[in-house]
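What follows is a short report on a single structure.
Note that these values count all heavy atoms, side chains included, but never hydrogens, waters or copies made by symmetry.
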Amino acid sequence: MRGTASNRKDKLESIIWVHNYLGTCYDLIGRRDMALNQYKKVTALGNNYRGAVVYAREYITRPFVVSDFN
């Protein structure tokens, strides 16, 4: 057997946050178009693991900036 449902769920939850973090990085280097693409992937997946969709929706409405780290 290649994997369990739990492993697939864990991978999906990791992937969701990878898309958010990529969006954050793209925003910080001024690539808003690429950032929006990543945030929209999170909302399309619809899994709000640890607030992932809420995070993505916030940064769809405005770019992530350095002061957001605080």
For the CE atom of M34 and the SG atom of C25, what is their distance to the nearest 0.5 Å? 11.0 Å
Exercise: identify the closest heavy-atom pair between G23 and A35: O-CB, 3.3 Å
Are L45 and V53 co-members of a hydrophobic cluster defined by side-chain heavy atoms under 4.5 Å apart? yes
Gap separating the CD1 atom of I16 from the CD atom of Q38, nearest 0.5 angstrom: 13.0 Å
Let me confirm one number: the NZ-NE2 distance from K40 to H19, rounded to the nearest 0.5 Å. 14.5 Å
Same cluster for I15 and V42 if Ile/Leu/Val/Met/Phe/Trp/Tyr side chains link at under 4.5 Å? no
With clusters defined by side-chain heavy atoms of hydrophobic residues (ILVMFWY) lying less than 4.5 Å apart, directly or transitively, does Y59 cluster with I29? no
Straight-line distance of D68 CG to Y55 OH, nearest 0.5 Å: 7.5 Å
When you group the ILVMFWY residues by side-chain heavy-atom contacts below 4.5 Å and let the links chain together, are L36 and Y21 in the same group? yes
Y39 and D27 side chains, donor-acceptor separation under 3.5 Å: yes
Determine, step by step, whether Y26 and R32 satisfy the side chain to side chain contact (heavy atoms under 4.5 Å, CB included) criterion, reporting the C-alpha distance in whole Å, the side-chain angles of both residues, the deciding distance to 0.1 Å, and the verdict. CA-CA 6 Å; Y26 288 136; R32 184 69 179 147; over 6 Å; no
For the student: nearest non-hydrogen atoms of N20 and A52, plus distance: ND2-O, 3.1 Å
Relative to the ring of F69, is the ring of F64 parallel (under 30°), tilted (30 to 60°) or perpendicular (over 60°)? perpendicular
Y49, I60: one ILVMFWY side-chain cluster at the under-4.5 Å cut-off? yes
